[in-house]
Amino acid sequence: MFVEVVLDIPLDRTFYYKVPEVISYPPEVGKRVIVPFGANDLLRTGIIVSVKDDVDFPEEKIKELFDIPDDFPLFTPSCLELCRFVSDYYGGYFGETLFSFLPGGFEVTESLFVKLSEPTPSVKLTENEKKIVETLKNSSGKLKVSTLRRRVKLSSFYQVLRNLVSKSVVVREELIKRDSVPRERFAVFVKDGEVRGKKSRELLHYLKEKGKESVNTLKALDFSLQVINGLVKKGLIEIVEEKVTLENRLWELKDTKKIKLTPSQEKAFKELVGAKEGKFLLYGVTGSGKMEVYLKVAYEVVKRGKSVLILVPELLLTPELRARVESYFGKNIGIYHGKLTPKEKVSTWLKALRGEVKVFIGTRGAVMLPIKDLGLIVVDEEQDSSYKEQQKPYYHAREVALKRGEIEKFPVLLVSATPSVETYYRSKLGEIKLLELKERVSTVPLPYIKLVNLQETERISIFSKELLAAIENTVKKGEQVLLFINRRGFFAKSFCLNCGYVAECSDCSVPLVYHKSERKLICHLCGKRYEPIYRCPKCGKRLDFFGYGTERVEEELRILFPKFRVVRLDQDTVKNPEVGARLIKEIKEGKYDVIVGTQIATKGHNFPKLTLVGVLLADLLGGAPDYRTSERIFQLIVHTTGRAGRFKPGAAIVQALKPDLPAVKYAATYKFDEFYREELTAREFLGFPPFTKTLLLEFQLEKLAEFKKLREKFEKIKNELSLFFSVSDLTPAPLPKVSGRYRFTSFLRTSSEEKLMKGVAVIKERFPSTFSGIRYKIEVEPMRIV
DNA sequence: AGCACGCCGACT
DNA sequence: GTCGGCGTGCTC
């Protein structure tokens, strides 16, 4: 018997292994397998994709697998299919994709180390050999071979190392990193004997009857570890370790809460409960009770014996959210996010496989959890950018969730108050069924929003007189103020603080990026170069926008209102989770009057005393310039102003240099549909998603001298790629050197998913994972264009 | 990815 | 002539 195995290697190929007589568990598709690989037969972890009696491959070349360590598959067949899709769509390799989703705790890897021998034989060494020996000495004499190679940077590295081994100056050592799959300990009856204690006698009797019982169960039955160990010492019982096996456990559902739904909630609820499959968008403003609807639907799904997965943005996986889900489903909830330890991830993964838990909450990576009998995925705040993985394989969890629903035939529900433009468009096309919540559940009205034109009003720094008065009034009433400033982006150099002017490409209408090395403003879509502008062409003021962030706002605020208690809530202050939690607790307790914050302050937390929100510079661009800027500004204003007056009526002041921008204007007047309509018109005109599919190629060079090679190769392939894409020129990235590498990018667009996938396949074929020492990555539907 | 092999120029 | 830089190809 043979198994076909996928390994964590950047290759679109599988490998065959012979199944030996003795293995822990029989082979099965989706199971983990430990195999020897390569010239050194180092052990690696793979995933079985097929089990066969015969294979079309010379049998003498086929090695025997080492072990199949589990009696359950780690991936369900549909998860394998989903990973295959993710690989093809996002331009990754099957194995890489599988292992990027699989918790590291499942991996067994053997790697080769070398260490200096003791005592060191006195032999003559060449210069290169000395280099290696020196590097080893600097690292306590032992290093992983791959690390050593990176450090010494010799092209004939392996040759030199082999010489050192034959001279016995260094010795090889194979080390295995074991998995962290929990093993359960069992007490096994060995023989009868005299024991004194009552508990000990009881335990021995119990085990004599049952033969074997898990130590955890015994502990639950009130046999202490001392009692158990006592019998072990006497040799009457034994402890054996066994791997956990899959067993179905019953799951109890708590009583549902009686919540009255509004008519539109009821309508959405009925539609969703009746759906066997399909894509849905639950669209409604803050306070329209979206979460109640999806939790009630989830409850019904669980009642039918199916499982539910709730995906949330990174910053939203808070204790509050958990408590809310627990109010429906009790403590029996699986949590999965990137910050868990490998062990914790393994634990949730196993819970999913066993069906031990029926409700899972997680961030993007949870979309691949091998959940048994999945009956619904909810993607809350579907527009959130944290659903996009920023590393290989660059998948978008919302898209993967939709695909998973298609494959496994269950409904997928996207939820948002401000859907992404893509999702909104698909709902207009009817690809996604729109469920709109028109009324608000809350009796508290939406905050009143005042839009202030910073160019026309009296102001001190960036505080308009309207805002200053409002801050003063609010704090005097004993209520809180949140001042929001978008984090200053590295790229915002061509932005005028006085009038809001942004330098844009005359052809593409994308903000230009300043390249320090060339002292040019460059368009990253067409590559057009412009002379940098140091003075605003509209108002003549100096373009000086360095460092206008939360810190400066805080500083100015302390001068303007010396008596107010001000707190800053941004990346810097909440870096430490404990400090962040403390600050948030203190804010809720009313220990501060004014909160100055970035996005972090606007997500997930409800501050009861907060009744005034000030958006300081609504139209300030954050981060990299791209076609989503407008959408992001819109969403940011809506979310930030929505923080005001959750529990009693509140107000928001939105300050902008260009209050006429659709994103600002429509967000401040609650005219959402108008915003989407205008934004879609602009996107269609300029050829951006959802009207095109996009792809970013990024090449990384060790030395600038390699650029010539890259350009030659790129030009050749560009012709071929032009069959599928419109391809921009190779452009140096604005931060040319990141971690010592020079980055060059090209932005590609195409009209259909089909062309995109074909084009991706061509790129993979033409550019091996490294070619001529040049590394590169494919990013499909990137969140950036540079 | 990680490693072996084989082809060229340049140097003991 | 060999050494080592570099590109190419294989891994069941």
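Numbered from 1 within each chain, the chains take letters A, B, ... in sequence-line order. All values reported here derive from a predicted model rather than from experimental measurement.
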Does A:Leu42 reach a base, just sugar-phosphate, or nothing at all? Heavy atoms under 4.0 Å. nothing

To the nearest angstrom, the CD1-P distance between A:Ile47 and C:dC12 comes to 18 Å

Tell me which nucleotide among C:dG5, B:dG2, C:dC12 gets nearest to the side chain of A:Ser156. C:dG5

Taken to the nearest whole Å, CG/A:Leu161 to P/C:dG4 is 14 Å

Looking only at B:dG2, C:dC12, B:dA4, the nucleotide nearest the A:Lys63 side chain is C:dC12

Looking at the side chain of A:Arg13, which of B:dG2, B:dA4, C:dC12 is the nearest nucleotide? C:dC12

Of the listed nucleotides (C:dG4, C:dC12, B:dG2), which one gets closest to any side-chain atom of A:Tyr158? B:dG2

Nucleotide nearest A:Leu11 when distance is taken to its side chain, options B:dA4, C:dC12, B:dA1: B:dA1

Using whole Å, what does the distance between atom P of nucleotide B:dG2 and atom CG of A:Leu112 come to? 12 Å

A:Arg162 side chain: which of B:dA4, C:dG4, B:dA1 is closest? B:dA4

Interatomic distance, A:Phe57 CZ vs C:dC10 P [rounded to whole Å]: 11 Å

Between C:dC10 (C1') and A:Lys61 (NZ): distance, integer Å: 9 Å

For A:Arg84 and A:Glu81, what are the C-alpha separation, side-chain angles and deciding distance, and is it a salt bridge (charged side-chain N to carboxylate O under 4.0 Å, His left out)? CA-CA 5 Å; A:Arg84 183 73 257 179; A:Glu81 188 183 341; over 6 Å; no

To the nearest 0.5 Å, what is the distance between NZ on A:Lys339 and NE2 on A:His337? 8.0 Å

If you find the nucleotide of DNA chain B closest to A:Pro10 and the one closest to A:Gln159, which residue's nucleotide is nearer the 5' end? A:Pro10

Using atom NZ of A:Lys131 as one end and atom C1' of C:dG4 as the other, report the distance to the nearest whole Å. 12 Å

Between A:Thr694 and A:Glu781, is any side-chain donor less than 3.5 angstrom from a side-chain acceptor? no

Distance check needed: B:dA1 P versus A:Phe15 CZ, whole Å only. 14 Å

Paired with A:Val3, the side-chain contact (heavy atoms from CB on, under 4.5 Å) test is passed by just one of A:Phe15, A:Tyr16, A:Tyr17, namely A:Tyr17

Taking the side chain of A:Ser146 as heavy atoms from C-beta outward, which of B:dG2, C:dG7, C:dC12 is closest to it? B:dG2

Taking for A:Gly38 and for A:Lys709 the nucleotide of DNA chain C with the nearest heavy atom, the one nearer the 5' end belongs to A:Lys709

Which part of the nucleic acid, if any, lies within contact of A:Tyr17, taking any heavy atom under 4.0 Å across all strands shown: a base, the sugar-phosphate backbone alone, or nothing? sugar-phosphate

How close or far is atom P of C:dC12 from atom CD1 of A:Ile9, stated in whole angstroms? 9 Å

Can you figure out which of B:dC3, C:dT11, C:dG7 approaches the side chain of A:Phe37 most closely? C:dT11

From C:dG4, C:dC12, C:dG7, pick the nucleotide closest to the side chain of A:Tyr16? C:dC12

What's the separation between atom CZ in A:Arg743 and atom OG1 in A:Thr731, rounded to the nearest 0.5 Å? 11.5 Å

Contact class for A:Lys144 vs. all strands (heavy atom < 4.0 Å): base, sugar-phosphate, or nothing? nothing

Residue of the set A:Glu408, A:Arg404, A:Lys409 for which side chain to side chain donor-acceptor pair (under 3.5 Å) holds with A:Ser78: A:Glu408

